[in-house]
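What follows is a single structure, written as structure tokens, with notes after it.
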Amino acid sequence: MSQESARKILVAVAWPYCNGDLHIGHIAGAYLPADIFARYQRLRGNDVLMVSGSDTHGTPITVHAEELGISPREVIDRYHPRILELWQKFGISFDLFTETDTENHWQVTQDFFLTHLHNDYIYKAEMEQLFCLDCQRFLADRYVEGTCPYCGYPHARGDQCDNCGRTLDSIELINPHCKICGGTNLEHRKTEHFFLDLGKLNPPLVDWINDGQKEHWRPSVLNFARAQLESGELHGRPITRDIKWGIPVPLPGYEQKSIYVWYDAVIGYLAASKEWSQNVGRPEAWREWWQQPEARSFYFIGKDNIPFHAIIWPGMLIGYGGLNLPYDVPANEYLNVEGQQLSKSRHWVVEGLDVLERYDPDPWRYVLAANAPETQDIDFTWEEFVRRNNNELVATWGNLANRALSFCYKRFDGRVPTPGVLDQRDEALLALSAEAFDKVGALLDAVKLRNAITEVMGLAHEANRYLNEKEPWKRIKTDPAAAATTMYVCLQVIDRLKVLFLPFLPFSSQKLHTFLGYDDDIMGRQFVEKYKETEREHLALRYDGSALAERWEPTTLAPGQPLRKPAPLFVKLDESIAEAETARMLAHLG
RNA sequence: GGCGGCGUAGCUCAGUCGGUAGAGCAAACGGCUCAUAAUCGUUGGGUCACAGGUUCAAGUCCUGUCGCCGCCA
């Protein structure tokens with residue numbers, strides 16, 4: 001392994017709207033890749049800070065609240081704990097997963113706003129908005145419905161038409177009506193708002209995207225950002241709106257307005273880093289990830305978020321000054337299910353918490369990593385899920401561990417056999433397993449997770465091949481010492497595979513760790529804590545990996561080490577479940 | 001409408017700098033019996049969406065067409 005010193009790695013993950021349960025598309029797109037990457041970097045000895053939180057602002061929350069007849073805060077209190085539960089059950093190891101309705105987040109956001117204003121990257125301008133005369137309020141995007149001017153769909157929202165997918169400006173709608181009172185007593189009214197001056201940020205952003213240090217970016221992300229920036233057509237974007245739920249504009253006279261959710265959500269990365277620093281009792285620690293020049297930040301997002309993370313957020317950081325810009329934005333494409341795009345409104349979803357009621361997390365982690373949507377949209381099918389679980393995870397890796405452990409447990413007195421002299425074949429396999437750390441590590445550093453897990457699985461195949469060639473079950477009758485050597489080599493490789501698989505399959509690697517006779521913790525501990533600020537309190541998820549016993553390097557298994565009674569690492573699934581799960585989904589399809 | 005991406009084996013997907021098309025699964029045959037009927041080996045299978053162009057050479061670069069996806073207006 002390389003001897004370079006620990007590097008600060010910020011793993012920033014998209015902030016999910018806190019208005020419902022998350023589905024496997026969210027997980028495959030951002031959270032799982034981020035977790036695999038973070039776990040690997042920790043094993044590697046780097047200092048990882050992985051942050052995100054529930055996005056509690058914006059109209060998706062307030063609309064949902066009004067539908068249920070409860071307050072926005074109650075919506076958050078309903079779903080935020082469920083998101084925390086999902087991360088724990090799925091093993092998504094956030095150092096801090098918080099939310100945006102905190103005093104800290106408000107403060108950091110308002111500081112950003114005032115600094116942008118002071119640095120002259122914010123200007124004021126008037127714009128036309130729809131105003132409901134009956135409700136006496138402005139109607140932000142989702143509070144108005146009407147006929148789409150492009151496709152004629154009668155239920156288009158003020159921000160987007162769900163039928164043709166176009167983004168809209170609410171004043172474009174034909175026959176608009178207020179979604180609150182249902183009335184059509186609307187008028188166009190001028191309203192003053194603050195705008196982020198992206199036009200002014202365009203030139204420095206072009207310099208940044210062309211600084212010659214973006215070769216490791218995914219082409220789709222880099223091409224998109226570069227094309228947008230080089231067009232030179234960035235224009236001011238409103239950062240306030242006429243809505244009460246949100247972060248107050250920190251200036252007198254704007255009490256009826258709030259900061260637009262897109263502006264405060266991305267600031268969450270910094271706010272959460274600061275909150276984490278407070279929580280661990282080192283209030284200035286965040287600077288190590290945000291200000292050290294050699295620190296690296298990785299933003300794990302879905303492709304719909306590329307404009308915000310590869311253009312707008314870097315622009316905001318430039319406008320603020322003194323903070324590191326993204327080192328990489330490994331955005332994923334979409335995960336479709338059974339040929340259709342996931343959609344909450346159409347009830348075409350596979351929800352994370354729901355499937356964990358019926359299946360273990362590691363099969364999901366395996367399937368979603370082995371077929372991650374890194375280069376294009378991916379079609380997830382239940383048949384594929386069962387197949388990959390049964391024919392790859394169970395058959396290749398689970399069975400390798402089980403056949404070797406069972407054999408040693410029964411025939412070698414429940415201990416790691418003591419090897420004799422190693423032959424060429426033994427040495428070759430051990431060398432291969434040692435080299436895998438560099439090979440897989442390089443792929444993980446480059447965020448090529450699918451290639452990485454395929455590589456690890458390839459080593460498991462090789463170990464199966466080795467066993468078949470050596471036939472220790474035959475040799476033990478004629479030459480027990482040779483069989484012992486073979487089984488030692490095999491267990492040694494399995495012990496290394498355990499580490500190589502650890503970022504991907506933490507639960508089963510931990511289980512295997514104990515079967516191999518170890519007692520310590522290799523996956524870390526997740527816990528939820530309640531944090532009290534001056535007036536508010538919130539729940540947040542934390543992670544403690546300080547006691548991690550493993551490193552990303554070839555292990556050495558001690559001969560004679562007592563083994564524990566082995567059991568299969570993974571459950572084989574009945575093929576009928578594919579049909580059952582698909583039928584279940586079709587039944588809910590709206 | 002503008003911009004960007006995608007279209008590769010029956011299925012799901014790789015394919016770096018242009019150099020005779022790859023993996024897994026599915027199918028067929030064989031070996032083994034330690035293991036969750038798991039494993040290991042062998043074999044078959046492609047007009048790289050379509051039409052042009054550049055080149056000694058194109059899945060890869062360029063132009064156009066068709067289809068799908070996303071972003072922006």
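We use all heavy atoms of the structure for the numbers below, so side chains are in, but hydrogens, waters and symmetry mates are not. Residue numbers begin at 1 in each chain, while the letters A, B, ... track the order of the sequences. None of the values given here were measured: they were computed from a predicted structure.
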- Between A:His235 and B:A73, does any side-chain N or O lie under 4.0 Å from OP1 or OP2? yes
- Grab the CG-C1' distance between A:Leu229 and B:C72 for me, whole Å please. 13 Å
- Which of the following nucleotides, B:G5, B:U39, B:U36, is nearest to the side chain of A:Asn464? B:U39
- Note on the structure: Closest heavy-atom pair, A:Cys408 versus A:Leu491, reported as atoms and distance to 0.1 Å, is SG-CD1, 3.7 Å
- Sugar-phosphate only, base, or nothing, as touched by A:Arg450 at under 4.0 Å among non-hydrogen atoms: sugar-phosphate
- Item | Atom C1', compared across B:G15 and B:G59: separation rounded to whole Å | 8 Å
- Paired with B:G70 by Watson-Crick or G-U wobble geometry, both distances under 3.5 Å: which nucleotide is it? B:C3
- Note on the structure: Whole-Å distance, A:Leu400 CG to B:C40 P, equals 9 Å
- Query: Taking atom C1' of B:C40 as reference, at what distance in whole Å does atom CG of A:Leu429 sit?
  - Reply: 14 Å
- Separation of B:C32 C1' from A:Asn468 CG (nearest whole Å): 7 Å
- Message: Under 4.0 Å, counting only non-hydrogen atoms across every strand here, what does A:Pro568 touch: a base, just sugar-phosphate, or nothing?
- Response: base
- From CD of A:Glu469 across to P of B:U42 the rounded distance in Å is 11 Å
- Rounded off to whole Å, could you give me the CD1-to-P distance for the A:Ile453 and B:A23 pair? 20 Å
- Message: Ring centres within less than 5.5 Å and planes less than 30° apart: is that true of A:Phe407 and B:C34 in this structure?
- Response: no
- Query: Per the ring pair (Phe, Tyr, Trp, His ring centres under 6.0 Å) rule, which among A:Trp217, A:Tyr40, A:Tyr269, A:Phe37 passes with A:Phe298?
  - Reply: A:Phe37
- Query: Base, sugar-phosphate alone, or nothing: which one does A:Asn390 contact when heavy atoms must sit under 4.0 Å apart?
  - Reply: nothing
- Query: Choosing from B:G70, B:C13, B:C71, which nucleotide comes nearest the side chain of A:Lys303?
  - Reply: B:G70
- Task: Would you indicate, yes or no, if B:G24 has its OP1 or OP2 atom less than 4.0 angstrom from a side-chain nitrogen or oxygen of A:Asn391?
- Result: no
- Query: Which base sits across from B:U33 as a Watson-Crick or G-U pair, both distances under 3.5 Å?
  - Reply: none
- Message: Can you see if the side chain of A:Lys410 gets near the phosphate of B:A35 - specifically, an N or O under 4.0 Å from OP1 or OP2?
- Response: yes
- Distance between the P atoms of B:C61 and B:G7, in whole angstroms? 11 Å
- Task: Determine the Euclidean distance between corresponding C1' atoms of B:G44 and B:U36; express it in Å to zero decimal places.
- Result: 30 Å
- Item | Side-chain N or O of A:Arg465 closer than 4.0 Å to phosphate OP1/OP2 of B:G41 | yes
- Query: When all nucleic acid strands are considered with a 4.0 Å heavy-atom cut-off, which category describes A:Glu392: base, sugar-phosphate, or nothing?
  - Reply: sugar-phosphate
